[in-house]
Amino acid sequence: MKLKRYVHLEVLLEALNRDKKQLGHLKMAEAYEDYIDHIIDQILKNMAELRRYFRQSQGEIIQVVQLVGERMVEYNYRGYRLNVKYLNEFMRVECGEILKQYMKLKRSDLF
């Protein structure tokens with residue numbers, strides 16, 4: 001489950017960075033950028049925690065490959081080499097739900 005969360009956070013991070021580049025034409029771009037930057041910081045913090053967990057549990061992501069309709073992850077876990085595939089369509093929905101969770105942070109956390 002933690003591997004899945006990490007892969008989804010990685011995808012969400014990429015999407016937010018791409019979206020942030022598209023904000024230039026908006027009138028309130030700076031405010032939106034600040035909000036996205038705050039969410040990105042939280043994602044990076046959570047990813048670091050997950051990487052610590054992987055190190056402690058003898059897990060290691062070997063490679064992540066983005067294919068046409070899926071993302072394939074190869075990893076070692078306690079001496080076993082495993083492959084997992086995540087379908088892009090499901091990842092898109094799940095990343096949207098994760099983003100909504102990050103957007104529900106308390107307003108005081110933003111400022």
Side-chain angles (χ1 to χ4, degrees):
M1 190 67 169
K2 292 188 185 280
L3 177 67
K4 180 180 175 181
R5 178 73 173 192
Y6 185 85
V7 171
H8 282 73
L9 289 177
E10 196 174 56
V11 170
L12 181 56
L13 184 62
E14 291 171 16
L16 287 172
N17 281 317
R18 274 193 313 269
D19 288 352
K20 196 169 108 171
K21 291 177 183 175
Q22 302 297 318
L23 294 175
H25 68 282
L26 299 175
K27 294 190 185 295
M28 302 296 288
E30 188 175 331
Y32 294 128
E33 260 186 62
D34 288 345
Y35 191 55
I36 290 173
D37 285 339
H38 176 72
I39 292 171
I40 287 173
D41 288 344
Q42 293 298 315
I43 290 171
L44 290 172
K45 178 182 165 192
N46 293 144
M47 288 176 75
E49 291 170 5
L50 288 168
R51 281 191 299 275
R52 263 191 304 280
Y53 169 80
F54 293 144
R55 278 193 301 274
Q56 291 171 355
S57 67
Q58 302 171 356
E60 174 188 19
I61 296 173
I62 298 169
Q63 72 174 351
V64 178
V65 179
Q66 180 63 52
L67 303 171
V68 174
E70 63 193 17
R71 183 170 283 232
M72 191 178 77
V73 181
E74 183 179 352
Y75 67 102
N76 275 334
Y77 185 71
R78 297 184 181 180
Y80 294 97
R81 181 167 274 184
L82 305 162
N83 290 306
V84 178
K85 294 179 184 178
Y86 299 103
L87 296 175
N88 289 346
E89 290 302 316
F90 289 119
M91 284 183 38
R92 185 174 295 123
V93 171
E94 291 178 0
C95 285
E97 293 301 315
I98 293 170
L99 178 59
K100 288 176 190 176
Q101 292 171 1
Y102 280 107
M103 294 174 84
K104 289 181 182 177
L105 294 174
K106 288 185 261 175
R107 189 167 175 78
S108 61
D109 291 342
L110 296 175
F111 304 102

**Q** Report the distance from atom CZ of Arg55 to atom CD of Gln58, rounding to the nearest 0.5 Å.
**A**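 It is 13.5 Å, given to the nearest 0.5 Å.
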**Q** Taking only residues two or more places apart in sequence or in another chain, which ones pass side-chain contact (heavy atoms from CB on, under 4.5 Å) with Glu94?
**A**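 For Glu94, the residues satisfying side-chain contact (heavy atoms from CB on, under 4.5 Å) (neighbours in sequence not counted) are Lys4, His8.
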**Q** Are the side chains of Asp37 and Lys20 in touch, meaning some heavy atoms are under 4.5 Å apart?
**A**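 Answer yes - side chains close enough.
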**Q** Given the rule that I, L, V, M, F, W and Y join up when any side-chain heavy atoms are under 4.5 Å apart, are Tyr32 and Leu99 in one cluster?
**A**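 Yes, because Tyr32 and Leu99 connect within a single hydrophobic cluster, where side-chain heavy atoms sit under 4.5 Å apart.
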**Q** Measure the shortest side-chain to side-chain distance between Val65 and Arg71 over non-hydrogen atoms and say whether it is less than 4.5 angstrom.
**A**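 Heavy-atom side-chain distance check fails, nothing below 4.5 Å.
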**Q** If you round to the nearest 0.5 Å, how far is CD of Glu33 from CG of Leu26?
**A**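 One gets 10.0 Å once the value is rounded to the nearest 0.5 Å.
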**Q** Using salt bridge (charged side-chain N to carboxylate O under 4.0 Å, His left out), reason through Glu97 and Arg5 one step at a time and then give a plain yes or no.
**A** CA-CA 12 Å; Glu97 293 301 315; Arg5 178 73 173 192; over 6 Å; no
**Q** Nearest 0.5 Å, please: how far is CG in Leu13 from CZ in Arg18?
**A**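 Separation between the atoms: 10.0 Å.
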**Q** Would you kindly confirm whether Phe90 and Val73 end up in one hydrophobic cluster when ILVMFWY residues are joined by side chain heavy atoms under 4.5 Å apart?
**A**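 No, because Phe90 and Val73 fall into different hydrophobic clusters, even though each may have its own neighbours under 4.5 Å.
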**Q** Is there side-chain contact between Val84 and Met72, with at least one heavy-atom pair below 4.5 Å?
**A**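 No, too far: nothing below the 4.5 Å cut-off.
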**Q** Scan side-chain atoms only and decide if Asn46 and Tyr102 contain a donor-acceptor pair under the 3.5 Å cut-off.
**A**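 Indeed, the side chains of Asn46 and Tyr102 share at least one donor-acceptor pair under 3.5 Å.
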**Q** Walk me through it: do Tyr6 and Met47 pass the test side chain to side chain contact (heavy atoms under 4.5 Å, CB included)?
**A** CA-CA 6 Å; Tyr6 185 85; Met47 288 176 75; 3.7 Å; yes
**Q** Please check if atom CD in Glu30 has more than 12 non-hydrogen atoms from other residues, nucleotides or ligands closer than 6.0 Å.
**A**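 No - once you tally the heavy atoms of other residues, nucleotides and ligands closer than 6.0 Å, there are 12 at most.
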**Q** If hydrophobic clusters are built by linking Ile, Leu, Val, Met, Phe, Trp and Tyr wherever their side-chain heavy atoms come under 4.5 Å apart, do Ile62 and Tyr77 end up in the same one?
**A**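 The answer is no; the residues belong to distinct hydrophobic clusters.
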**Q** Are Glu60 and Phe54 packed together at the side-chain level, in the sense that at least one heavy-atom pair is separated by less than 4.5 angstrom?
**A**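 Side chain of Glu60 against side chain of Phe54, heavy atoms only: no contact under 4.5 Å found.
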**Q** Below 4.5 Å, heavy atoms only, C-beta onward: do Ile43 and Leu16 meet side chain to side chain?
**A**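 Heavy-atom side-chain distance check passes, below 4.5 Å.
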**Q** Which pairs pass side-chain hydrogen bond (donor to acceptor under 3.5 Å, both in side chains) with one or both residues in residues 79-89, sequence neighbours excluded?
**A**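 Applying side-chain hydrogen bond (donor to acceptor under 3.5 Å, both in side chains) to every pair that reaches into residues 79-89, excluding sequence neighbours, yields Gln66-Asn88, Glu74-Arg81, Glu89-Arg92.
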**Q** Within the 4.5 Å heavy-atom criterion, are Lys104 and Gln101 side-chain neighbours or not?
**A**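 Heavy-atom side-chain distance check fails, nothing below 4.5 Å.
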**Q** Let me confirm one number: the CG-CG distance from Asp19 to Leu12, rounded to the nearest 0.5 Å.
**A**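 Rounded to the nearest 0.5 Å, the CG-CG separation comes to 9.0 Å.
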**Q** Can Val93 be reached from Leu87 by stepping across I, L, V, M, F, W or Y side chains whose heavy atoms are under 4.5 Å apart?
**A**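 No, Leu87 and Val93 fall in different hydrophobic clusters.
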**Q** Can Leu23 and Ile36 be said to form a side chain to side chain contact (heavy atoms under 4.5 Å, CB included), step by step?
**A** CA-CA 11 Å; Leu23 294 175; Ile36 290 173; 3.8 Å; yes
**Q** Find out if a path of hydrophobic residues (ILVMFWY) with successive side-chain heavy-atom gaps under 4.5 Å connects Met28 to Ile39.
**A**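 Same hydrophobic cluster.
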**Q** Tyr75: which residues meet the ring-ring contact (aromatic ring centres under 6.0 Å, His included) condition with it, sequence neighbours left out?
**A**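 ring-ring contact (aromatic ring centres under 6.0 Å, His included) check on Tyr75 returns nothing, list empty.
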**Q** Looking only at heavy atoms, which two atoms of Tyr35 and Met103 are closest? And how far apart?
**A**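 Answer, listing the atom of Tyr35 first, then Met103: OH-O, 3.0 Å.
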**Q** So how far is it from Cys95 SG to Glu10 CD, rounded to the nearest 0.5 Å?
**A**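 These two atoms lie 10.0 Å from each other.
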